[in-house]
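This report concerns only the one structure given below.
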Amino acid sequence: MADEAKGKGNAAFAAGRFEEAARHFGDAIALAPDNHVLYSNRSAAHASLGRYSEALADAERTVALRPDWAKGYSRLGAAHLGLGDAPSAAEAYEKGLALDPSNEALKSGLAQARQAATTRRPGGSGGDALGKVFQGPELWTKIAADPTTRAYLDQPDFVQMLREVQRNPGSLNTYLSDPRMVQVLTLMLNIKLQPQSNGASEPAAPQTPKQQPEAKAREPEPEPEPEPEPMEVTEEEKERRERKAAAQKEKEAGNAAYKKKDFDTAIQHYTKAMELDDEDISYTTNRAAVYLEMGKYDECIKDCDKAVERGRELHADFKMISRALTRKGTALAKLSKTSKDYDVAIETFQKALTEHRNPDTLKKLNDAERAKKELEQQEYYDPKIADEEREKGNEFFKQQKYPEAVKHYTEALRRNPKDPKVYSNRAACYTKLGALPEGLKDAEKCIELDPTFSKGYTRKGAIQFFMKEYDKALETYQAGLKHDPKNQELLDGVRRCVEQINKASRGELSEEEMKERQNKAMQDPEIQNILTDPIMRQVLADLQENPRAAQAHLKNPGVMQKIQKLVSAGIVQMK
């Protein structure tokens with residue numbers, strides 16, 4: 001039961017339904033209060049909802065139950081960081097890394113915690129106040145619209161700075177030494193800076209039209225010594241920007257080749273882009289997409305792993321990480337040959353959804369789960385074992401050990417779900433056990449698989465008879481006789497049903513039996529439809545008030561059939 005609740009929680013978390021996930025994990029904890037994984041999972045759900053106090057309580061419980069499990073410290077660090085306690089977060093991440101030094105999630109968390117700790121200023125409200133101008137949704141639009149700042153959005157290091165300031169306004173002080181951040185800050189504050197040219201401060205004295213010719217005649221005055229210019233681009237930075245621009249051109253060429261299905265050329269361009277610029281994982285994910293299209297799934301998976309690892313180091317956009325994981329999951333699904341193989345693909349798609357909820361990823365996850373289930377059925381299919389299980393079930397049935405018989409019939413159906421005989425036999429068992437709805441379902445499945453198999457009709461008719469649905473049982477027996485007119489069981493079934501129906505029509509039922517039959521009938525949707533039909537209501541009124549006029553109605557086969565159903569149900573009595 002706990003595993004079932006945990007599974008529901010995992011599915012809800014992967015789909016982004018964190019409130020529902022937390023509830024399911026809570027149900028699982030109630031059933032297995034010492035399972036550290038359940039507390040870890042609920043901590044993640046609480047953190048995703050911004051409920052860091054609850055996340056911290058669950059993380060602490062996780063670590064208490066399993067102090068040697070590195071992931072528990074990752075949850076603990078995330079909760080502390082969410083509550084603004086960067087030192088405690090760093091301590092938790094360090095403990096986790098002591099257990100698992102190569103854990104990327106712990107490394108990334110520790111870096112964030114240390115950065116948050118160094119950027120926090122006691123009582124320093126200035127950075128927080130200025131940093132708040134970066135919180136609005138118009139930030140990215142304003143930067144993209146202004147020609148002086150637009151190019152910054154193509155620089156991953158600067159984009160990461162912006163995201164950090166959005167998460168932690170107090171960190172702005174750390175980045176004010178970067179002229180790009182100053183430029184964006186002035187833009188958001190609507191401050192106009194004095195224009196600069198070639199690194200030297202130009203005099204700003206206004207000139208009248210009369211002064212201009214005079215100025216031309218004069219000898220040019222020596223320019224003042226240039227002040228140190230924070231916007232000055234070093235040779236290293238200039239080279240870096242040139243590489244990025246060249247990498248972007250290679251990417252565009254790769255995209256064009258990909259659209260033309262010239263995959264080898266696309267690979268060359270994306271590879272060149274990766275060599276020029278290793279700070280943009282889109283080049284790697286694009287190459288992975290080409291490998292996927294070419295059917296080179298192992299190469300695709302390697303590129304996706306590389307993109308995720310590098311993306312974590314760069315604190316790349318969650319959407320980019322999700323894209324890489326989705327492509328990896330797709331490649332893994334393509335490589336899957338057995339139902340077990342799909343487990344890794346499904347887990348990868350679920351990880352992708354935790355990074356970013358994308359409809360395409362969700363569809364791929366559902367497809368993989370469906371394919372796994374179909375393969376499981378195919379792998380389990382074995383008619384020979386199914387026959388053996390059916391015979392075991394028959395032996396237990398003869399011994400009147402019906403639960404044991406049901407167990408073997410069920411296993412036979414898992415091995416061969418297309419055998420109508422097994423459904424018929426299990427329906428008989430359910431009937432003996434009084435599980436009439438289950439028996440009825442099996443009998444209907446038996447008829448569906450083989451409409452000519454008489455046993456299916458006799459099983460279904462018998463169950464309906466026991467349920468006192470005599471008119472329905474009569475229809476079932478009559479349907480079976482169309483395929484096997486001389487079948488004695490079917491003929492006997494018709495006779496029994498007619499006897500019960502005639503008892504009702506002659507008024508031979510006791511008052512208690514009549515009331516029971518009527519109550520049951522009133523729950524039948526078909527009876528309800530007949531009684532609410534305006535035409536049938538008029539017919540019933542004529543039967544009571546004007547019998548002679550009612551004779552005309554009874555000549556209509558459809559009306560007569562409905563009247564017969566009401567008679568069988570004990571709703572109407574014909575005298």
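Position 1 is the first residue of the sequence; numbering continues from there.
Across every non-hydrogen atom of G329 and T348, the tightest pair is N-CG2, 3.7 Å. Here the closest heavy-atom approach between residue M274 and residue Y283 is recorded as CG-CB, 3.6 Å. The two atoms that bring L56 and L83 nearest to each other are CD2-CD1, 3.7 Å, heavy atoms only. The two residues I281 and G311 make their nearest non-hydrogen contact at CG2-N, 3.8 Å. Considering every non-hydrogen atom in both A324 and V308, the closest pair reads CB-CG2, 3.8 Å. When all heavy atoms are compared, the tightest approach of A473 to F465 is CB-N, 3.9 Å.
Between the side chain of Y39 and the backbone N or O of P33, at least one donor-acceptor pair lies under 3.5 Å. The backbone N or O of F318 sits nowhere less than 3.5 Å from a side-chain atom of S322 that would complete a donor-acceptor pair. In terms of modelled atom types and a separation under 3.5 Å, the side chain of R75 and the main chain of D58 share no donor-acceptor contact. Between the side chain of S40 and the backbone N or O of T62, no donor-acceptor pair lies under 3.5 Å. With hydrogens and angles disregarded, a donor-acceptor distance shorter than 3.5 Å links the side chain of Y73 to the backbone of P67. Checking side-chain atoms of T476 against main-chain N and O of G461 turns up no donor-acceptor pair under 3.5 Å. With hydrogens and angles ignored, the 3.5 Å screen pairs no side-chain donor or acceptor of S88 with any backbone N or O of D85. Side chain of R415 to backbone of P383: no donor-acceptor contact under 3.5 angstrom is found.
Side-chain atoms of E379 and T338 include no donor-acceptor pair closer than 3.5 Å. A donor and an acceptor atom, one from each side chain of Y381 and E376, are nowhere located under 3.5 Å apart. Side-chain contact, T271 with R287: a donor N or O sits under 3.5 Å from an acceptor N or O. Inspection of the R180 and Q155 side chains reveals an N or O donor paired with an N or O acceptor under 3.5 Å. Side-chain contact, T410 with R426: a donor N or O sits under 3.5 Å from an acceptor N or O. Residues Y409 and N394 have side chains that bring a donor and an acceptor to within less than 3.5 angstrom of each other. Using modelled atom types and a 3.5 Å distance limit, the side chains of T361 and T326 yield a donor-acceptor pair.
In this structure, CZ on R312 lies 7.5 Å from OG on S108, to the nearest 0.5 angstrom. In this structure, the separation between OG1 on T330 and CG on D360 is 7.5 Å, given to the nearest 0.5 Å. Here CG of L99 is found 12.0 Å from OG of S74. Values are rounded to the nearest 0.5 Å. Atom NZ of K460 and atom OH of Y457 lie 8.5 Å apart (nearest 0.5 Å). For the atom pair CD of E444 and CD1 of I463, the computed distance is 8.5 Å after rounding to the nearest 0.5 Å. Between atom CE of residue M320 and atom NE2 of residue H356 there is a gap of 12.0 Å, rounded to the nearest 0.5 Å.
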Going through the distances and angles, do R17 and E20 end up as a salt bridge (charged side-chain N to carboxylate O under 4.0 Å, His left out)?
-> CA-CA 6 Å; R17 301 191 301 275; E20 180 186 339; 2.7 Å; yes
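Contact of the D442 side chain with the N425 side chain is not registered, since no non-hydrogen atoms from C-beta on lie closer than 4.5 Å. Using a 4.5 Å heavy-atom threshold, the side chains of K6 and V37 count as touching. At a threshold of 4.5 Å between non-hydrogen side-chain atoms, the residues N255 and Y258 do not count as touching.
A salt bridge is defined here as a Lys NZ or Arg NE, NH1 or NH2 lying under 4.0 Å from an Asp or Glu carboxylate O, and E389 with K407 fails to meet this definition. A salt bridge between E448 and K445 is present, with a side-chain N of the basic residue lying under 4.0 Å from a carboxylate O of the acidic one. Taking 4.0 Å as the cut-off between side-chain N and carboxylate O, E313 and K107 do not count as a salt-bridged pair. A salt bridge links K8 and E4; the closest N-O separation between the charged side-chain nitrogens and carboxylate oxygens is under 4.0 Å.
Looking at residues two or more places apart in sequence or on another chain, you find a side-chain contact (heavy atoms from CB on, under 4.5 Å) between E54 and H46, R51.
Taking the centre of each ring, F13 and F18 come in below the 6.0 Å mark.
Ring planes of Y402 and F397: perpendicular class, angle over 60° (limits at 30 and 60°).
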